[in-house]
Amino acid sequence: MARKEEAPNMVERFAEFKELKNIDKTTMISVLEESFRNVLAKMFGTDENLDVIMNPDKGDVQIFQNLEVVPDGEVTNPNLQISLTDARADDDPDVEIGEEHTKEIFFADFGRRAILNLRQTLQSKILDLQKEAIYTKFKELEGQLVSGEVYQTWSRETLLLDDEKNELLLPKSESIPGDFFRKGENVLAVIANVDNKNNNPKITVSRTNETFLRRLFEREVPEIVDGLINIRAVARIPGERAKIAVESFDDRIDPVGACVGVKGSRIHGIVRELRNENIDVINYTANPQLFIQRALSPAKISSIHLDEEEKKAEVFLHPEEVSLAIGKGGLNIKLASMLTGYVIDVYRDSPEEIDEDIYLDEFKDEIDGWVIDALKDMGCITAKSVLRTPRQELIDKADLEEDTVDNVIRILSAEFEDEAPAAPAEAPAAEEAAPSAEAAVSAEEAPAEEPAE
């Protein structure tokens with residue numbers, strides 16, 4: 001009875017592990033055979049003359065020992081040789097000296113110690129396989145959302161368990177400020193890093209990186225998953241505020257409206273998950289000046305001058321708009337800089353210039369609306385901001401004809417004909433702006449509090 005029970009039980013246990021851990025059949029057979037061979041090699045000194053036949057479908061294991069037949073009394077190594085008399089007595093009456101005799105071995109006959117040794121060897125290999133399978137699985141899931149139940153919380157990290165009881169580590173540095181978890185609570189995070197040092201997989205998850213915000217939007221907005229809306233850029237200061245730029249590949253779909261949802265139904269769930277982190281969703285545009293203008297919303301910008309090589313932007317605003325552009329604690333300008341990739345410097349227009357400047361919309365009777373829109377898209381909102389911009393830059397960036405640009409300059413200049421003539425054609429924007437503006441703040445030097453106007 002022992003012969004037929006012990007070995008099959010090993011196969012059945014491994015088969016159960018296979019179903020739970022998704023170990024393929026070939027690997028299962030290989031590991032089980034290797035475990036038997038390791039134990040047998042220790043018992044017989046070698047496994048070279050042993051045949052181990054695995055049949056996981058039936059759940060049995062057969063072991064055969066191939067021995068050289070030698071004359072009686074000349075057996076020097078019973079693990080490799082067998083006497084002629086013993087070979088013929090073992091159901092092989094026609095065997096001759098020098099031939100090979102195959103003898104079946106029943107593993108259970110070697111006693112409890114051998115079976116225990118086999119089990120320990122098998123468990124060790126199963127554990128290694130389990131760790132390798134966990135590493136491979138989660139390495140492929142890096143950057144994806146995962147949900148885990150809080151198992152234990154320490155001062156520097158929180159241990160989560162997923163549905164398969166795999167351990168996920170959420171460091172304090174990867175938690176949103178204000179995160180407080182109770183044991184048994186489900187936590188959503190993104191898989192940030194998976195390593196396998198010393199065959200010990202470590203899965204680190206995060207709730208603070210940009211990918212987490214992307215995945216939350218993908219979960220709430222089906223149009224993103226369907227490929228109709230694309231997330232072009234994300235900037236976050238975890239727990240405080242975030243900006244996300246989206247674009248639509250279908251003219252019938254408003255990307256901002258789709259991400260926000262009816263009465264904010266879609267974005268409210270994301271905001272709650274992020275501990276009430278404010279999120280600004282803006283339309284992406286390839287026009288850097290317009291993109292910066294949208295990124296600094298709700299501030300209204302007078303004009304923008306770009307240094308595309310240095311990735312710097314000089315933004316001119318009315319004094320009352322500066323605090324809106326900077327934002328509380330400098331968050332707005334920092335996020336706008338992160339989102340656009342430009343270092344943004346904010347300048348106040350002087351009161352004298354504000355009093356005398358005129359918004360372009362006031363010239364709709366003389367200048368076509370589409371021309372005004374083209375100028376506004378490149379960051380020129382007032383008459384003087386247009387006159388400060390070099391003529392060739394107006395032609396290139398606003399995509400206007402030379403005659404159209406000359407006509408616009410003529411009309412706008414006529415409003416300031418009593419003033420000394422400006423030289424917009426070739427004068428650098430930054431030099432003209434300097435006498436009439438005072439530097440306020442850059443994205444790298446944002447104040448801790450809102451500036452006094």
Side-chain angles (χ1 to χ4, degrees), residues 1-137 196 198-199:
M1 293 296 293
R3 293 180 179 180
K4 295 183 180 180
E5 289 178 0
E6 293 292 351
N9 282 344
M10 301 301 296
V11 177
E12 289 172 7
R13 290 185 181 184
F14 196 82
E16 292 175 2
F17 173 82
K18 168 186 176 296
E19 296 299 326
L20 291 174
K21 301 301 178 183
N22 299 316
I23 305 299
D24 60 89
K25 185 176 181 179
T26 303
T27 305
M28 179 186 75
I29 295 173
S30 175
V31 169
L32 192 53
E33 180 180 344
E34 186 179 355
S35 299
F36 271 97
R37 284 189 172 277
N38 286 344
V39 175
L40 292 170
K42 293 179 182 178
M43 295 172 60
F44 294 99
T46 180
D47 65 336
E48 294 181 359
N49 65 326
L50 297 174
D51 294 329
V52 180
I53 301 174
M54 312 299 305
N55 191 342
D57 294 330
K58 292 183 179 180
D60 60 7
V61 181
Q62 289 182 295
I63 305 172
F64 297 95
Q65 187 179 34
N66 302 310
L67 302 172
E68 180 187 0
V69 179
V70 298
D72 293 348
E74 296 185 13
V75 176
T76 57
N77 188 343
N79 294 329
L80 300 175
Q81 300 169 328
I82 188 172
S83 66
L84 179 61
T85 300
D86 290 340
R88 289 179 174 177
D90 189 24
D91 297 328
D92 196 2
D94 299 327
V95 70
E96 299 293 340
I97 295 174
E99 294 180 350
E100 187 176 77
H101 172 71
T102 300
K103 176 182 178 182
E104 185 172 5
I105 297 175
F106 296 97
F107 195 81
D109 289 343
F110 294 101
R112 295 179 58 85
R113 177 172 294 183
I115 294 173
L116 181 60
N117 191 7
L118 174 62
R119 286 176 176 169
Q120 291 174 341
T121 303
L122 184 58
Q123 288 172 353
S124 176
K125 292 188 177 297
I126 286 175
L127 183 59
D128 290 341
L129 270 178
Q130 179 181 355
K131 291 180 177 179
E132 183 178 345
I134 291 173
Y135 172 75
T136 302
K137 172 185 175 181
N196 196 27
N198 299 324
N199 197 30

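- Separating the CD1 atom in Ile134 from the CG atom in Asn196 is a distance of 9.5 Å, to the nearest 0.5 Å.
- His101 NE2 to Arg88 CZ: the interatomic distance, rounded to the nearest 0.5 Å, is 12.0 Å.
- Listed by chain and residue number, nothing satisfies the salt bridge (charged side-chain N to carboxylate O under 4.0 Å, His left out) test with Lys103 (two or more places apart in sequence, or in another chain).
- Remark: Lys137 pairs with Glu164 by the side-chain hydrogen bond (donor to acceptor under 3.5 Å, both in side chains) rule, at least two apart or across chains.
- Residue Gln81 forms a side chain to side chain contact (heavy atoms under 4.5 Å, CB included) with just one option from Leu67, Thr76, Val69, and that option is Thr76.
- Between the OG1 atom of Thr121 and the CZ atom of Phe36 there is a distance of 10.5 Å, given to the nearest 0.5 Å.
- In this structure, Glu74 has no salt bridge (charged side-chain N to carboxylate O under 4.0 Å, His left out) partners at least two apart in sequence or on a different chain.
- Remark: Thr46 engages no residue in a side-chain hydrogen bond (donor to acceptor under 3.5 Å, both in side chains) (not counting sequence neighbours).
- Listed by chain and residue number, Pro71, Leu84 satisfy the side-chain contact (heavy atoms from CB on, under 4.5 Å) test with Ile97 (two or more places apart in sequence, or in another chain).
- For Lys131, the side-chain contact (heavy atoms from CB on, under 4.5 Å) criterion is met by Leu127, Asn199, Pro201, not counting sequence neighbours.
- In terms of heavy atoms, Ala87 sits closest to Asp92 at O-CB, 3.4 Å.
- Distance check: Met43 CE to Asn117 CG gives 8.5 Å after rounding to the nearest 0.5 Å.
- Not a single salt bridge (charged side-chain N to carboxylate O under 4.0 Å, His left out) links Glu104 to another residue, sequence neighbours left out.
- Checking side-chain atoms of Ser124 against main-chain N and O of Gln120 turns up no donor-acceptor pair under 3.5 Å.
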Please step through side-chain hydrogen bond (donor to acceptor under 3.5 Å, both in side chains) for the pair Ser35 and Asn38, ending with a clear verdict. CA-CA 5 Å; Ser35 299; Asn38 286 344; 5.8 Å; no
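- We find the CG-OG1 distance between Asp72 and Thr85 to be 3.0 Å, quoted to the nearest 0.5 Å.
- By the side-chain hydrogen bond (donor to acceptor under 3.5 Å, both in side chains) test, Glu48 is found to be paired with no residue, residues two or more places apart in sequence or in another chain being considered.
- Residues forming a side-chain contact (heavy atoms from CB on, under 4.5 Å) with Thr102 (at least two apart in sequence, or on another chain): Phe64, Asn66.
- With sequence neighbours left out, the side-chain contact (heavy atoms from CB on, under 4.5 Å) criterion links Asp91 to no other residue.
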Derivation of the side chain to side chain contact (heavy atoms under 4.5 Å, CB included) call for Glu34 and Lys125: CA-CA 9 Å; Glu34 186 179 355; Lys125 292 188 177 297; 3.1 Å; yes
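- The side-chain heavy atoms of Ile63 and Asp51, taken from C-beta on, include no pair separated by under 4.5 Å.
- Every salt bridge (charged side-chain N to carboxylate O under 4.0 Å, His left out) that Asp47 has, sequence neighbours left out, goes to Arg37.
- Applying the side-chain hydrogen bond (donor to acceptor under 3.5 Å, both in side chains) criterion to Asn49, with sequence neighbours excluded, gives no partner residue.
- The heavy-atom pair separating Asp94 from Glu99 by the smallest distance is O-OE1, 4.3 Å.
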Apply side chain to side chain contact (heavy atoms under 4.5 Å, CB included) to Phe44 and Val39, showing your working. CA-CA 9 Å; Phe44 294 99; Val39 175; over 6 Å; no
Residues Val70, Ile82; criterion side chain to side chain contact (heavy atoms under 4.5 Å, CB included); working and verdict: CA-CA 6 Å; Val70 298; Ile82 188 172; over 6 Å; no
